[in-house]
Amino acid sequence: MREIVIGLVARSLERLATEGVLSGELAAAFLERGAEFKVERPREKSHGDFSTNAALVLSRLAGMKPRELAQRLLAAMPTDQASGVRCEIAGPGFINFHFSAERLRTLIPEIASRGRAYGRSRSGVGQRVLVEFVSANPTGPMHVGHGRGAVTGDAIARLLSAIGCEVEREYYINDAGAQIDVLGRSVLYRYRECLGREVVAPPDYYPGEYVTEIARALIDRDGERWLERCDYLARDHAEDKSGLERPPVEVVDFAITWVMREIRADLESMRIHFDHWFSERTLHAEGGIDRALAHLSAHDWIHEGVLEPPKGREVAASEESDNRVQVLFRSTRLGDDSDRPLLKADGTPTYFAADIAYHFHKAQRGYTRLVDVWGADHGGYVKRVQAALEAMTGQKDLLDVVLTQMVNLTQGGKQVRMSKRAGTFVTLREVLDETGSDAVRFWFLTRSSGAGLDFDLDLAKSRSNDNPVFYVQYAHARVYSLHAKLKERELPEVEGDLSRLTADEEMNLIRLLGLFPETVEGAALSREPHRVTYYLSDLAAAFHGYYNNYRILDEDPDLRGARLALVRAAGQVIANGLDLLGVSAPESM
RNA sequence: GCGCUCGUGGCUCAAUGGAUAGAGCACCGGCCUUCUAAGCCGUAGGUUGCAGGUUCGAGUCCUGCCGGGCGCACCA
């Protein structure tokens with residue numbers, strides 16, 4: 001619908017320009033500046049279905065008062081009775097567009113014929129987008145926060161596909177680095193323990209029960225084969241960590257594989273599928289990091305220097321080793337507040353170095369756009385990674401980063417404490433088992449990702465109208481129940497007479513249906529899936545309100561057919577919207 | 001100290017720079033025994049943290065404060 005109005009305004013502008021209302025030079029500028037006008041949905045209903053500020057924006061250029069220009073535009077507007085669109089000038093020079101009831105009703109057959117495609121568009125055609133999300137370290141099971149990132153990333157990917165982008169999903173596996181050694185050592189610690197050998201907990205280890213499970217599985221596979229490789233765990237290393245050996249690669253791989261299998265299973269139960277699983281190790285192995293550093297170096301983005309310690313922050317006594325010369329990336333040139341280290345003292349790359357090499361790798365794969373979904377605790381890295389990408393590719397704004405805030409679990413109004421230390425750590429798996437994928441997915445998308453989120457376990461699984469997931473899904477199920485009722489009563493399927501739809505509720509419902517494509521496009525472009533969630537709640541409310549006040553299965557077949565057609569269109573849009581969120585649309589509940 | 005982020009009715013949150021800032025809970029008032037579920041309809045509730053600025057027009061953009069969250073060394 002919005003396209004129709006944009007088209008009207010554009011043609012009117014062209015006509016004004018070519019009819020010589022404006023001089024040739026002005027006309028060209030006029031048309032170009034015409035791109036700046038907006039067609040939007042007025043908040044105030046009496047202002048019509050759409051409104052444009054074209055006359056306000058272009059009045060200075062035209063040398064006319066806004067209202068005068070609006071008059072000219074209006075006169076040149078190719079609308080007539082048949083178009084079903086009426087326009088008028090209002091306020092300081094807005095042009096408002098009203099769709100006739102007849103014109104609005106044509107949406108119903110349009111939705112019916114487009115079916116699942118209604119809401120999809122082609123504005124993103126030609127874009128190749130890589131969405132990287134989750135990327136949880138393979139050192140333990142996914143927790144609720146990872147779940148939010150997973151759902152957000154997947155919904156963004158779905159939205160981008162819906163506007164015609166070519167989308168791929170990628171998971172970056174941090175299977176290199178110190179935390180992996182800690183994982184391996186944690187497994188060996190439990191391994192010795194399970195085999196009844198003397199053992200002292202190493203200084204750093206993962207305490208979760210899953211580590212013991214991995215250790216048992218390792219025993220099942222390899223028996224006592226690794227015992228002599230972990231003698232050192234019989235000694236205390238709290239004082240001197242130098243005796244800690246690196247765990248054997250076979251053990252580490254076993255553990256990573258085990259954890260990743262769990263993670264994949266969790267993702268699978270949320271119906272999230274990745275196109276690529278990118279291993280940090282392969283990046284190291286294939287020389288990706290050296291390549292990235294060389295690339296930076298060649299363009300003078302690297303220097304050796306000394307970093308100032310951050311001010312106002314306590315420096316742990318053991319950590320003071322300042323004034324050390326290190327290899328730095330000149331991120332300050334691109335607005336970062338400090339240069340960032342690329343190599344550690346021992347010459348091995350920092351995590352940051354690996355990360356920019358990874359993003360360089362992504363950029364070289366030919367995507368027109370990269371989207372990353374990170375936890376808010378990584379917010380401090382956005383600028384430096386973007387800066388590095390800009391330095392390496394010369395492209396600004398190649399990478400969009402969406403940050404997701406914390407999830408607070410509540411039950412019965414009380415907060416469920418999540419604490420690794422206390423062992424009351426709530427995994428995503430537990431929440432999925434408790435409430436199901438639909439509830440988790442929908443609920444995680446009920447807030448903008450930058451805002452904290454309360455997840456009420458009791459409410460999320462309740463079958464009540466206070467539960468937004470239930471409320472929306474139930475609206476969809478009701479459409480199907482009407483069909484069942486129709487058959488039960490042996491009423492004939494008739495086409496109905498759409499002109500019988502005249503009530504305010506009916507018109508409002510149709511208008512809402514027309515809003516769906518714009519909502520999808522806006523959500524995709526701004527990477528804000530919660531807009532769809534809000535939209536669906538609004539639509540479901542309008543649907544339920546209508547259902548409660550009007551008898552859909554009216555005695556009069558013409559009216560009944562028309563109402564059924566409207567309700568069916570609403571059901572289609574709800575199904576399409578839920579699909580964008582990855583939530584099922586049940587036919588009965 | 002610095003960076004990111006958020007600040008909107010009592011509560012939880014919406015609002016591509018547009019006209020009179022919207023929902024849902026809760027509250028209050030009314031209706032209801034009807035296609036699937038104790039539901040439905042309505043009223044009221046606001047100086048958008050504060051102060052400036054840009055603009056024809058600011059919750060939205062800029063600057064400075066105040067407050068919450070997250071982060072800040074060769075950890076990933």
Side-chain angles (χ1 to χ4, degrees), chain A residues 38-44 46-47 51 53 56-57 59-60 66 90-94 96 137 139 174 176-180 182 204 280 307-313 315-316 319-322 324 326-328 336-338 340-355 375-384 401 403 405-406 446-448 450-454 456 459 463-466 468 471 474 477-478 481-486 488-489 518 521-523 525-526 528 530-531 533-535 537-538 541 544-545 547-554 560 563 567 588-589:
Chain A
K38 286 174 183 168
V39 171
E40 56 206 356
R41 296 276 185 173
R43 281 208 267 243
E44 177 61 37
S46 67
H47 295 151
S51 168
N53 61 354
L56 292 166
V57 173
S59 66
R60 189 174 296 170
F94 288 105
N96 295 337
N137 282 345
T139 54
N174 287 112
Q179 89 276 6
I180 290 304
V182 172
D204 293 312
E280 183 185 350
L307 284 184
E308 296 281 319
K311 288 172 184 166
R313 192 158 168 270
V315 176
E319 275 186 272
E320 49 77 35
S321 45
D322 45 356
R324 183 180 301 156
Q326 47 191 306
V327 175
L328 301 170
D336 203 352
D337 24 65
S338 166
R340 303 294 169 180
L342 293 166
L343 297 181
K344 301 181 196 172
D346 61 4
T348 59
T350 60
Y351 171 79
F352 175 59
D355 217 28
D377 54 344
H378 289 70
Y381 295 85
V382 175
K383 271 190 191 172
R384 67 191 73 164
V401 181
L403 299 177
Q405 269 290 355
M406 307 265 302
T446 55
R447 299 278 178 265
S448 78
L453 174 77
D454 291 323
D456 187 324
L459 191 52
R463 298 169 59 80
S464 81
N465 288 351
D466 295 339
Y471 191 68
Y474 186 45
R478 266 187 161 166
S481 106
L482 284 165
H483 282 101
K485 206 63 166 182
L486 193 72
E488 190 185 309
R489 293 191 191 165
E518 294 158 46
E521 181 163 5
L525 294 177
S526 60
E528 292 182 343
H530 73 278
R531 293 191 193 194
T533 317
Y534 269 90
Y535 170 81
S537 295
D538 283 349
H544 287 305
Y547 179 96
N548 288 324
N549 287 301
Y550 292 82
R551 210 164 170 82
I552 312 299
L553 300 182
D554 194 85
R560 182 171 71 233
R563 287 182 171 169
V567 152
S588 68
M589 293 179 74

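Protein chains get the first letters and strands the later ones, always in sequence-line order, with residue 1 at the start of each. Hydrogens, waters and symmetry mates play no part in the numbers below; they use all other heavy atoms, side chains included.
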What's the closest nucleotide to the side chain of A:Arg478 if the choices are B:A37, B:C75, B:G69?
B:A37
Separation of the P atoms in B:G52 and B:A58, to the nearest angstrom
14 Å
Would you mind reading off the distance between A:His47 atom NE2 and B:U20 atom C1', rounded to a whole angstrom?
9 Å
When the P atoms of B:A19 and B:A23 are considered, how many whole Å apart are they?
15 Å
Side chain of A:Arg551 - closest among B:U34, B:U36, B:C25:
B:U34
Choose from B:U12, B:C35, B:G3 the nucleotide whose nearest atom is closest to any side-chain atom of A:Lys383.
B:G3
Among the nucleotides B:U12, B:A19, B:A76, whichever has the atom closest to the side chain of A:Gln179 is B:A76
One should read off an interatomic distance between A:Leu56 CG and A:Phe94 CZ, to the nearest 0.5 angstrom, of 5.0 Å
Base of B:C75, side chain of A:Tyr381 - is there a donor-acceptor contact under 3.5 Å?
yes
Proximal nucleotide (of B:C25, B:A15, B:U36) relative to the A:Ser588 side chain
B:U36
Apply the test side-chain contact (heavy atoms from CB on, under 4.5 Å) to residues A:Lys344 and A:Gln326: give CA-CA distance (whole Å), side-chain angles for both, the deciding distance (0.1 Å), then the verdict.
CA-CA 7 Å; A:Lys344 301 181 196 172; A:Gln326 47 191 306; over 6 Å; no
For B:U63 and B:G3, measure between their P atoms and round to the nearest Å.
11 Å
Donor/acceptor link under 3.5 angstrom from A:Asn96 side chain onto base of B:A19:
yes
State whether the aromatic ring of A:Phe94 stacks on the base of B:G18, taking stacking to mean ring centres under 5.5 Å apart and ring planes under 30° to each other.
no
Which one, B:A37, B:A14, B:C4, comes nearest to the side chain of A:Arg463?
B:A37
Can you find an N or O donor on one side and an acceptor on the other, under 3.5 Å apart, linking the side chain of A:Ser51 with the base of B:A19?
yes
Regarding the side chain of A:Arg447, the nearest nucleotide among B:C70, B:G39, B:A14 is B:A14
Minimum-distance pair of heavy atoms, taken over all atoms of A:Leu459 and A:Ser464
CD1-OG, 4.5 Å
Looking only at atom P, what distance separates B:G68 and B:G30, rounded to whole Å?
44 Å
Side-chain atoms of A:Asp454 come closest, of B:C35, B:U12, B:A76, to B:U12
Between A:Ser526 and A:Arg531, does any side-chain donor sit less than 3.5 Å from a side-chain acceptor?
yes
Is the A:Tyr534 ring parallel, tilted or perpendicular to the A:His530 ring (thresholds 30°, 60°)?
perpendicular
A:Tyr381/A:Asp355 under side-chain contact (heavy atoms from CB on, under 4.5 Å): CA gap, chis, key distance, verdict
CA-CA 10 Å; A:Tyr381 295 85; A:Asp355 217 28; 5.8 Å; no
Separation of the P atoms in B:U48 and B:C2, to the nearest angstrom:
29 Å
Between A:Thr348 and A:Asp346, does any side-chain donor sit less than 3.5 Å from a side-chain acceptor?
yes
For RNA chain B, what string of dots and brackets results from 5' to 3' when Watson-Crick and G-U pairs need both distances under 3.5 Å, crossing pairs get [ ], and pairs with another strand get |?
(((((((..((((....[...))))..((((.......))))......(((((..]....))))))))))))....
Can A:His530 be classed as stacking with the base of B:A14, given a centroid separation cut-off of 5.5 Å and a plane angle cut-off of 30°?
no
